[in-house]
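This report refers to the structure that appears directly beneath it.
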Amino acid sequence: MEIWPGQPYPLGATYDGVGTNFTLFSEAADLVELCLFPADGGEERRVRMTEVDGYVWHCFLPGIGPGQRYGYRVHGPYDPATGLRCNPAKLLLDPYAKAIDGQVRWGQEAYGYPLGGDDLARDDADSAAVMPRSVVTNPWFDWGDDRLLRTPWHQTVVYEAHVRGFTMRHPDIPEELRGTYAGMAHPAAIAHLTRLGVTAVELMPVHHFVHDHVLADRGLRNYWGYNSIGFLAPHSDYSAWGVDQVAAEFRYMVKTLHAAGIEVILDVVYNHTAEGNHLGPVLSLKGIDNRAYYRTSGYGRYYFDTTGTGNTLNMRHPHVLQLIIDSLRYWVTEMHVDGFRFDLAASLARQFHEVDNLSAFFDLIQIDPVLSQVKLIAEPWDLGEGGYQVGNFPTLWSEWNGKYRDTVRDYWRGADRTLADFAYRLTGSSDLYGPTGRRPYASLNFVTAHDGFTLTDLVSYNEKHNEANGEGNRDGHDDNRSWNSGAEGPTDDAAVVALRERRRRSLMATLLLSQGVPMICGGDEIGRTQGGNNNAYCQDNEISWLDWESADEEFLRFCAELIAFRREHPVFRRRRFFAGRPIFGTEMSDIAWIRPDGEEMTHDDWAVGFAKTLGVFLNGEELPDPGPRGQRVRDDSFLLLFNAHSEDVEFVLPGDPAGPARWRPGLDTALPAPAGPLGGAECETDADADLPGGARVAVAGHAMRVLRLIPAV
């Protein structure tokens, strides 16, 4: 075989039409061998990489192209007690692989060190047999005129989806496409997303990941995918076209979603890998340069862990930062994704020990001309000391707002002392994001997500029911802030069922009418249940997959109309926080908080612990942001009335009973999805139902109402 020196950059395997350039960083290595495998099995061929520049080993192989399976064997010191784990008997994945073929076959060889003795020797053939292979990919794809959509944050509605779970049971998606990227791009999948009206899908992890040994022993699989081993490789199990075409299939999915006006945001896991702690398997980074890639402790033997998974990437090392930045750029420039949600993002900010928003990782994002221009969402916590960092990320970033989730759940289950917090969450969490000059879009609002109860289960269960996970129901959160509405789990009690439906509507309406960016958990809009399982990470089955045959069509229509209503009225998606003072040229404030008697809330009213009713007037007369061409933006004004009590409460509508302005009733979550617009904005025939200031309006228990101000002609 002809071997050329090649180039040290770019890292990974790069095909240029003539051959493939292979590169691998390892400061620990004394020698690196590139191992080549036929696609159909057969004998391994090894190439010694003799060229090394700046600890980057490289070579160019003419005639080697897309579809070539490969891996590495790294020669060097083996002393786990000091964090040195080079073992040439162990086949390793390329950290920069753009496709990965197969899954780990669990056994002693996967771990790459003796389980019962000190003998380092390994049978190389057995090691290769249990390992997946890196795959050279074809970089060319016909994108046409596709480009990033760049939907403004204030117009964004996010839909958290799982590629496999979203498509596995859809009756209109061909069986051979279910569970795949091609299935996600199928017209039936696109039709649902466009009918709902979301503007972005946030895909749960699609980086190639490993099914954990402990789950395999229980006959389960890692469904969620937070166990990455390839930061540039789409998970090959989600491919309908085969691993050789997995990159092209992923691009096809992105291109198809873009054509429908839907952005693609990836949930990415850069805080740890599937290699676990000091007893975990050796699959890639451990065997390449363990002390460079991971934060170690105990003289290098153990791992510093803020993720709960056994290891944490070493954010102090330039090659670790380079790997992450190169991966992010690849997904934007070569795969056309529109943004990222960073799992346990606080760990990425631990350059030394504490979470630091001035760390090198954030600096690199800030100055990068590509990454600084895409959507960046942090899960702003990890499991380490001081890891809960909601509100503390840099100005470019939006955050999963866990305080929004907790407060809205508490309010609608009737918890005491929630009014002030609820008001902050409803108006964009200015207490968290305003002091640092951030905007309402910094708050990515959610009531439910993949981790925890679904919306249906949130109103149907007091306790988690995770028995199917095989951990004695000990896993998952105990602090769910849920209420079963009077019966645990499924029931035929009509009153309980009606209350659950009302509470679902109230929670969804609150989410979609709050300032900030709403995120819907995939399947909530069709009534998905996990049977009370709040930690379905290992349930790659009907527990997690969306049940399209049992879809709640009425609730789906309700959600779609709410999203359309939000889209039509910019007063619900302001780009700046409310000021709480009169707007220019009027005597009316941009926002006013109302008691049930129609009077404005006082300071003492906010401190009443048992109070569970609240009204808020949103003035749309002149919004603080100019339109795209500098024009003034105006909208209707609305009154939102909330009642988390169990009994009905009457509100007195503000205003002069003799005045010309009137209130037109619209949304009422006590009622099923209406036939007309939720806000009554276009229903001129409803004029007879208009109410004057001073009129009394009943708001049912556990419900909210929306009324539109009809100004004098």
Side-chain angles (χ1 to χ4, degrees), residues 1 10-24 34-45 47 60-72 91-105 128-143 146 163-164 167 174-186 203 205-211 225 228-256 264 266 283-284 327 330-331 333-337:
M1 176 185 296
L11 290 163
T14 306
Y15 175 65
D16 66 1
V18 174
T20 301
N21 193 73
F22 292 92
T23 64
L24 182 75
L34 169 65
C35 305
L36 305 176
F37 302 89
D40 56 356
E43 187 175 347
E44 171 186 347
R45 291 186 297 169
V47 176
F60 185 93
L61 301 184
I64 297 297
Q68 174 65 58
R69 272 67 172 165
Y70 71 99
Y72 291 103
L91 183 71
L92 302 170
L93 288 168
D94 180 0
Y96 278 79
K98 298 181 178 67
I100 295 175
D101 184 9
Q103 275 287 338
V104 177
R105 290 174 52 200
V130 303
M131 281 293 295
R133 314 291 167 81
S134 305
V135 183
V136 178
T137 61
N138 189 336
W140 290 287
F141 180 79
D142 183 7
W143 283 107
D146 182 78
V163 168
R164 184 166 169 83
T167 59
E175 187 171 351
E176 65 273 16
L177 299 184
R178 295 176 188 172
T180 70
Y181 306 118
M184 197 77 196
H186 189 272
L203 298 180
V206 297
H207 288 171
H208 193 83
F209 60 86
V210 172
H211 297 292
S228 300
I229 199 61
F231 293 145
L232 286 81
H235 188 62
S236 59
D237 287 351
Y238 297 161
S239 177
W241 300 356
V243 68
D244 290 353
Q245 296 295 322
V246 65
E249 184 179 344
F250 185 92
R251 290 170 171 133
Y252 167 74
M253 177 192 69
V254 172
K255 183 177 178 180
T256 305
V264 178
L266 300 188
L283 307 174
S284 181
S327 168
Y330 173 77
W331 289 101
T333 60
E334 301 298 324
M335 306 297 254
H336 285 207
V337 304

Report yes if some heavy atom in the side chain of F250 is under 4.5 Å from a heavy atom in the side chain of H235; otherwise report no. no

Check whether any side-chain heavy atom of V163 lies under 4.5 Å from a side-chain heavy atom of L203, and answer yes or no. yes

Is there side-chain contact between V47 and F22, with heavy atoms separated by less than 4.5 Å? no

So does G67 get a backbone contact from the side chain of R69, meaning a donor-acceptor N/O pair under 3.5 Å? yes

Any side-chain to backbone donor/acceptor pair from T256 onto H186? Under 3.5 Å, distance only. no

Contact summary for L11 and Y96, nearest pair of heavy atoms: CD1-OH, 3.4 Å

Begin with the C-alpha distance, continue with both residues' side-chain angles, and end with the deciding distance and a verdict on side chain to side chain contact (heavy atoms under 4.5 Å, CB included) for N21 and D16. CA-CA 8 Å; N21 193 73; D16 66 1; over 6 Å; no

CG-NE2 distance between D237 and H208, expressed to the nearest 0.5 angstrom: 6.5 Å

Among D94, L61, T20, which residue meets the side-chain contact (heavy atoms from CB on, under 4.5 Å) test with Y70? D94

Can you see which heavy atom on G102 is nearest to which on S236, and at what distance? N-OG, 4.2 Å

Would you please name every residue forming a side chain to side chain contact (heavy atoms under 4.5 Å, CB included) with S228, sequence neighbours left out? H207, F231, V269

Does the side chain of L36 come within less than 4.5 Å of M1's, by heavy atoms? yes

Atom of Q103, atom of F209 and distance for their closest heavy-atom approach: NE2-O, 2.7 Å

Do you know the tightest heavy-atom contact between A182 and W241? CB-NE1, 3.9 Å

Return the CG to CZ distance between D142 and R251, rounded to the nearest 0.5 Å. 11.5 Å

Starting at CG of L93, measure out to CD1 of I100 and round the result to the nearest 0.5 Å. 5.0 Å

Over all atoms of both residues, closest heavy-atom pair of Y72 and C35: C-SG, 4.5 Å

Roughly how far, to the nearest 0.5 Å, is the OG atom of S239 from the CE atom of M253? 11.0 Å

As an exercise, state the distance from CG of L92 to CE of M131, rounded to the nearest 0.5 Å. 6.5 Å

Does any N or O in the side chain of T137 come within less than 3.5 Å of the main-chain N or O of P139, such that one atom is a donor and the other an acceptor? no

Does some side-chain heavy atom of L91 sit less than 4.5 Å from a side-chain heavy atom of F37? yes

Indicate yes or no for a side-chain donor-acceptor contact from R133 to the backbone of P38 under 3.5 Å, with no hydrogens or angles considered. no

First locate atom OH of Y15, then atom NZ of K98, and finally report the distance between them rounded to the nearest 0.5 Å. 14.0 Å

Taking atom CD as the centre, does E43 end up with more than 12 heavy-atom neighbours from other residues, nucleotides or ligands that are less than 6.0 angstrom away? no

Closest heavy-atom pair and its distance - K255, W143: CE-O, 3.4 Å

Using modelled atom types only, decide if a donor and an acceptor are shared between the side chain of T167 and the backbone of G179 within a distance under 3.5 Å. yes

